[in-house]
Amino acid sequence: MVDLKKQIIGKRSRASGERFEMLMAAACDFYHDKGYAVIEKTPEPMKPLRPYGDRRSGQFIACYTRQAQPDFKGALCDGSCIIFDVKYTEKDRIHQNVITEAQRRALDGYEAMGAKCYVIVSIALEGFYRIPWDIWKRMKEIFGHRHMAAGAELEQYRVPNRSSIILFLEGVELRDENTENRIVSETE
């Protein structure tokens, strides 16, 4: 028997997760307009199987061809690469295992090449946190468990949210001689 309450909770959580991704895309546009970064959403790898309804509608039935990659990739104004995945939860903690094996391999590979790699977390669309990949993958070692809880564990990674723009690059150091190792700030 289908549990209606679980279906409703799941549907609400998926909608909130999609809203979080839209907010992150808007933040990427904000940073692009300011000249700080060009960051784009990574398309999901899928293969169309057949048209859905009228062929002219542009809709189709598809399947995913492989596990998803990190959600966003791009470059900062100093030429450095940035890669991050976004994760949403309504609970008071985020678990390490929400990152898939394919995402982990991709983030490890980009990090090995010197890219800035993060997991950006939203708790109930109220708190936003930019966790460096190196911290995320060492949760057990650092915190003694494979999750980060709201409060002390996540608070040090909080990023501001102003006028519905998640300022996820706030405090990121740039490494170009023209930037003199300055820090991205919304006030510039």
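The model shown is predicted, which means the values in this text are computed figures rather than measured ones.
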Heavy-atom check, side chain of [X] versus side chain of [Y], under 4.5 Å:
X      : Y      : result
Met148 : Tyr157 : yes
Leu169 : Leu76  : yes
Ile99  : Gln96  : no

Per-pair distances, 0.1 Å, donor-acceptor, side chain in residues 114-123, under 3.5 Å, sequence neighbours excluded:
from, atom 1, to, atom 2, distance (Å)
Lys116, NZ, Glu173, O, 3.1
Ser122, OG, Leu125, N, 3.0

[Y] reachable from [X] in the ILVMFWY side-chain graph, under 4.5 Å edges:
X      : Y      : value
Ile165 : Val172 : yes
Tyr88  : Ile94  : no
Val98  : Leu154 : yes

To the nearest 0.5 Å, what is the distance between [atom1] ([X]) and [atom2] ([Y])?
X      : Y      : atom1 : atom2 : answer
Asp33  : Cys28  : CG    : SG    : 11.0 Å
Asp29  : Met24  : CG    : CE    : 11.5 Å
Ser164 : Phe30  : OG    : CZ    : 12.5 Å
Ile135 : Ile142 : CD1   : CD1   : 4.0 Å

Side chain to side chain contact (heavy atoms under 4.5 Å, CB included) partners of [X], counting only residues at least two apart:
X      : answer
Asp71  : Glu21, Lys41, Glu44, Asp85, Val86
Lys140 : Arg146
Lys5   : Asp3, Ile9
Asp108 : Arg104, Glu111, Trp133, Lys137

* **Salt bridge present between Arg105 and Glu101 (N-O < 4.0 angstrom)** =>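 Salt bridge flag = yes for Glu101 with Arg105.
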* Report the C-alpha separation of Ile82 and Ile39 in whole Å, then their side-chain angles, then the decisive distance to 0.1 Å, and conclude whether the side chain to side chain contact (heavy atoms under 4.5 Å, CB included) test is met. => CA-CA 8 Å; Ile82 184 167; Ile39 303 169; 3.7 Å; yes
* Kindly write out the residues that satisfy ring pair (Phe, Tyr, Trp, His ring centres under 6.0 Å) with Phe20, not counting sequence neighbours, or none if the list is empty. =>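 Expected list: Phe128.
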* To do: Output all residues satisfying ring pair (Phe, Tyr, Trp, His ring centres under 6.0 Å) with Phe72, sequence neighbours left out; order by chain, then residue number.
  =>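 Listed in chain order: Phe84.
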* Of all heavy-atom pairs between Gly35 and Cys77, which one has the smallest distance, and what is that distance? ->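 Residues Gly35 and Cys77, closest heavy atoms: O-CB, 3.4 Å.
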* Taking all non-hydrogen atoms of both residues into account, name the closest pair between Glu90 and Ser16 and its distance. =>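 Closest heavy-atom pair between Glu90 and Ser16: OE2-OG, 3.9 Å.
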Can you list everything that forms a side chain to side chain donor-acceptor pair (under 3.5 Å) with [X]? Sequence neighbours excluded, please.
X      : answer
His95  : none
Arg130 : none
Glu126 : none
Ser80  : Asp78

* **side chain to side chain donor-acceptor pair (under 3.5 Å) partner of Glu153, the single match among His145, Arg93, His147** =>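 The residue from His145, Arg93, His147 that satisfies side chain to side chain donor-acceptor pair (under 3.5 Å) with Glu153 turns out to be His145.
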Between [X] and [Y] (side chain of the first, backbone of the second, donor and acceptor by atom type, cut-off under 3.5 Å), is there such a pair?
X     : Y     : answer
Thr89 : Lys91 : yes
Lys73 : Thr42 : no
Arg12 : Ile8  : no

* To do: Begin from the C-alpha positions of Arg162 and Glu170 and carry the test side chain to side chain contact (heavy atoms under 4.5 Å, CB included) through to its verdict.
  => CA-CA 11 Å; Arg162 303 239 191 333; Glu170 185 77 14; over 6 Å; no
* **Non-neighbouring partners of Arg158 that pass salt bridge (charged side-chain N to carboxylate O under 4.0 Å, His left out), sequence neighbours left out** =>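 For Arg158, the residues satisfying salt bridge (charged side-chain N to carboxylate O under 4.0 Å, His left out) (neighbours in sequence not counted) are Glu155.
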* **Check: Tyr31 ring centroid to Phe168 ring centroid under 6.0 Å** =>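 Between Phe168 and Tyr31, which both carry aromatic rings, the centre distance is below 6.0 Å.
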